[in-house]
Student: 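Before I ask anything, let me first share the structure, which is written out below as structure tokens.
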2 protein chains.
Amino acid sequence: MYDAFLAVCPSRQLLERISGKWVVLILSALGSGPDCTGDPRPMRYSELSRLLSGVSQKMLTQTLRALERDGLVSRTVTPTVPVTVTYELTDLGLSLHRLMRDVKAWAETNMDDVAASRVTYDEAGAR
Amino acid sequence: MYDAFLAVCPSRQLLERISGKWVVLILSALGSGPDCTGDPRPMRYSELSRLLSGVSQKMLTQTLRALERDGLVSRTVTPTVPVTVTYELTDLGLSLHRLMRDVKAWAETNMDDVAASRVTYDEAGAR
DNA sequence: GGTGTAACTTCCCGATGGGAAGTAGGCACC
DNA sequence: GGTGCCTACTTCCCATCGGGAAGTTACACC
């Protein structure tokens, strides 16, 4: 039905949306604790901001809004003082979380192989 | 050992590299035919260019080079005329291919749910 | 010598992401 | 009662990145 290989297919736009470092990291984070081993749980904006080191406030807000619009996370405002905003995976988001966590884990487990390959490649190019 | 949540961790840079629509599409394509159901097989530059509609030559070349440097694909030049260049998944690339194919499939199978969520979100915002 | 093709490569420009500073709004402190 | 602080944004500016199109190389065929 849908085919992301086609530029005009809506699934291509969706793929562009969900492929991106911040989406991978946010969905990985929301599904578990900092070590990414726990169960899915809601997290506060400030908690995400701290966990995803290097993320700008702008990108965090922007990415979370997009994920909310796409029905992957839900946003809850609690009128404490100051206000508390929590983000939680929806069922749909949970299904993608499992993939994203695997992608993040792949990067971490295969880092050494990739680094070795880069050294070999760069040495060959210097010849 | 590695933790992609940390901005300074090498695995973060690797995650940035492999998260991106063209990487997902190229690795999905190389692992199978146009319908993404076959076995991994080598593909020519021009074949990839045709399959991934909308990709610029610049981005295709650039992404393939990066994947080659990282040891995910191998590049073979056959001195026909004009030259034939084929790209093939390495074992390392094959392991990532399985994840990428799932991500692409996720986008295609969940497109309807996401589209529905967007409509709901936009309507609520218009109020 | 002109033409054609595959696989790039280069140049230009508009879009996108990061950094930093500004905003809202409610309470707490002096 | 005015100043300050806190969270969660929002805005502005600029550097980088991606897309589009044209140029390049190498050789074979006409």
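Residue numbering restarts at 1 for every chain, and letters A, B, ... go by the order of the sequence lines. As the structure is a computational prediction, the values presented were derived from the model and not from experiment.
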Student: Could you work out, with salt bridge (Lys or Arg N to Asp or Glu O under 4.0 Å) as the rule, every residue matching B:Glu68, not counting sequence neighbours?
Tutor: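 So B:Glu68 forms no salt bridge (Lys or Arg N to Asp or Glu O under 4.0 Å) with any residue.
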Student: To the nearest Å, give me how far apart CG (B:Leu48) and C1' (C:dA7) are.
Tutor: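 It works out to 12 Å between those atoms.
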Student: With a 4.5 Å cut-off on side-chain heavy atoms, are B:Arg65 and B:Gln62 touching?
Tutor: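 When only atoms from C-beta onward are counted, B:Arg65 and B:Gln62 do not touch, as no gap falls below 4.5 Å.
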Student: Can you check the B:Gln62 CD to C:dC11 C1' distance for me, whole Å?
Tutor: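 Nearest whole value for this atom pair: 14 Å.
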Student: Specify the separation, in whole Å, of atom CD1 of A:Ile26 and atom C1' of C:dG17.
Tutor: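 Roughly 14 Å, once rounded to whole Å.
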Student: Taking 4.0 Å as the cut-off, does a side-chain nitrogen or oxygen of A:Arg44 come that near to OP1 or OP2 on D:dA8?
Tutor: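 Yes, A:Arg44 has a side-chain N/O under 4.0 Å of OP1/OP2 on D:dA8.
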Student: Does a side-chain heavy-atom distance below 4.5 Å link A:Trp22 with A:Leu60?
Tutor: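 They are not in side-chain contact.
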Student: Please enumerate all residues that pass side-chain hydrogen bond (donor to acceptor under 3.5 Å, both in side chains) together with B:Glu16, with sequence neighbours excluded.
Tutor: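 Result, side-chain hydrogen bond (donor to acceptor under 3.5 Å, both in side chains) vs B:Glu16: A:Lys21.
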Student: Detail all sub-3.5 Å separations between protein N/O atoms and N/O atoms belonging to nucleotides 10-15 of chain D.
Tutor:
none

Student: In whole Å, what is the span from the CG atom of A:Leu60 to the P atom of C:dT16?
Tutor: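 Atom CG in A:Leu60 sits about 19 Å away from atom P in C:dT16.
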Student: B:Trp22 side chain N/O closer than 4.0 Å to the phosphate oxygens (OP1, OP2) of D:dG19?
Tutor: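 Yes, because at least one side-chain N or O of B:Trp22 sits under 4.0 Å from OP1 or OP2 of D:dG19.
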Student: B:Asp3 side chain to B:Phe5 main-chain N or O, any donor-acceptor pair under 3.5 Å?
Tutor: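 It does hold such a pair.
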Student: Please tell me which of the listed nucleotides, C:dG18, C:dC8, D:dA8, lies nearest to the side chain of B:Tyr87?
Tutor: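 Among C:dG18, C:dC8, D:dA8, the one nearest the side chain of B:Tyr87 is C:dC8.
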Student: Are A:Met1 and A:Leu92 linked, directly or through other ILVMFWY residues, by side chains that come within less than 4.5 angstrom of each other?
Tutor: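 Same cluster: A:Met1 reaches A:Leu92 through Ile, Leu, Val, Met, Phe, Trp or Tyr contacts under 4.5 Å.
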Student: Grab the CD-C1' distance between B:Glu47 and C:dT5 for me, whole Å please.
Tutor: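 Distance check: B:Glu47 CD to C:dT5 C1' gives 17 Å.
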Student: I'd like to know if the side chain of A:Ser49 and the backbone of A:Tyr45 have a donor-acceptor N/O pair within less than 3.5 Å.
Tutor: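 Not at all, since once roles are kept as given, no pair shorter than 3.5 Å links the two residues.
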Student: So does B:Ser46 get a side-chain nitrogen or oxygen closer than 4.0 Å to the phosphate oxygens (OP1/OP2) of C:dA7?
Tutor: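 It does, given that an N or O in the side chain of B:Ser46 lies less than 4.0 Å from OP1 or OP2 of C:dA7.
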Student: Starting at CE of B:Met59 and ending at P of D:dG20, how long is that distance when rounded to a whole Å?
Tutor: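 That distance rounds to 12 Å.
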Student: Tell me the interatomic distance from A:Glu16, atom CD, to D:dG18, atom P, rounded to whole angstroms.
Tutor: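 After rounding, the gap between these two atoms is 12 Å.
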Student: Please list all pairs passing the side chain to side chain donor-acceptor pair (under 3.5 Å) test where one or both residues lie in residues 82-93 of chain B, with sequence neighbours left out.
Tutor: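 Sorted pair list: B:Arg75-B:Tyr87, B:Thr80-B:Thr84.
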Student: Which ones in residues 66-83 of chain B lie close to DNA chain C, meaning a heavy atom under 4.0 Å from one of its atoms?
Tutor: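 Residues of residues 66-83 of chain B that come under 4.0 Å of DNA chain C are, in numerical order, B:Arg75, B:Pro82, B:Val83.
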Student: Does A:Pro10 have any side-chain contact (heavy atoms from CB on, under 4.5 Å) partners at least two apart in sequence or in another chain, and if so, which?
Tutor: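 In terms of side-chain contact (heavy atoms from CB on, under 4.5 Å), with neighbours along the sequence ignored, A:Pro10 is linked to A:Tyr2, B:Met111.
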